[in-house]
Amino acid sequence: MFETAFAVLIVLACGVMLLRLTLSERRRARFDAASRRTWQRSAQQAQRLWHWRSSHADARRVADEALRRARDGVHRDGNVIRPASFRPPRKPH
């Protein structure tokens, strides 16, 4: 399967290079510019997708951590929540 996909990519690359050789100078420049734009767009989309996945995972991790902190380590008096950080120090100096 891998060999077949690799062979198809090589054949496509050779076809594109052959097509490029048959174009006039002006059309070759337009073809090159269009190829660069397409390559840059696809690279930007891949980068956005990668960044979205990593930032989404970071946001989920931070939210889970905040929920865990909210559940644990608090003292509840009825509907009043008093975290341990609000307690006065034991030995004020």
Side-chain angles (χ1 to χ4, degrees):
M1 183 66 187
F2 175 73
E3 293 86 11
T4 306
F6 188 67
V8 167
L9 286 175
I10 295 298
V11 167
L12 285 174
C14 289
V16 168
M17 288 188 290
L18 183 63
L19 173 70
R20 188 177 177 273
L21 284 174
T22 61
L23 297 175
S24 66
E25 185 176 344
R26 202 173 101 220
R27 287 188 180 189
R28 189 178 311 142
R30 288 178 56 196
F31 179 79
D32 291 345
S35 300
R36 267 192 300 278
R37 280 192 307 270
T38 303
W39 180 260
Q40 288 172 348
R41 270 192 230 120
S42 63
Q44 286 173 350
Q45 287 176 347
Q47 185 178 14
R48 269 191 237 125
L49 180 63
W50 181 262
H51 179 69
W52 180 84
R53 285 182 180 172
S54 63
S55 62
H56 187 70
D58 290 344
R60 179 173 290 172
R61 181 183 48 77
V62 169
D64 289 342
E65 186 177 315
L67 289 172
R68 183 188 51 77
R69 279 194 319 252
R71 276 190 301 250
D72 304 336
V74 295
H75 179 69
R76 296 178 189 257
D77 292 330
N79 63 348
V80 177
I81 298 173
R82 295 191 179 147
S85 62
F86 287 173
R87 293 186 193 142
R90 297 183 104 190
K91 295 183 179 179
H93 290 71

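Excluded from the calculations below are hydrogen atoms, water molecules and symmetry mates; all remaining heavy atoms, backbone and side chain alike, are included. This chain uses plain numbering: 1 for the first residue, then up along the sequence.
Under the 4.5 angstrom side-chain criterion for Ile, Leu, Val, Met, Phe, Trp and Tyr, the cluster partners of I10 are F6. Under a 4.5 Å side-chain heavy-atom cut-off, the cluster of Ile, Leu, Val, Met, Phe, Trp and Tyr residues that includes F31 is completed by V16, L19, L23. In the hydrophobic clustering, V8 connects to L12, either directly or through intervening members, whenever side-chain heavy atoms lie under 4.5 Å apart.
Residues satisfying the side-chain hydrogen bond (donor to acceptor under 3.5 Å, both in side chains) criterion with R20, sequence neighbours excluded, are D32. Partners of E65 according to the side-chain hydrogen bond (donor to acceptor under 3.5 Å, both in side chains) rule, which considers only residues two or more places apart in sequence or in another chain, are R69. Taking the side chain to side chain contact (heavy atoms under 4.5 Å, CB included) definition, one finds that L18 meets it with nothing, sequence neighbours left out.
Around CZ of R28, the count of heavy atoms belonging to other residues, nucleotides or ligands within 6.0 Å exceeds 12.
Expressed to the nearest 0.5 Å, how far CD of Q45 lies from CD of Q47 amounts to 11.5 Å.
For residues 36-51, the set of pairs meeting the salt bridge (Lys or Arg N to Asp or Glu O under 4.0 Å) definition, not counting sequence neighbours, is empty.
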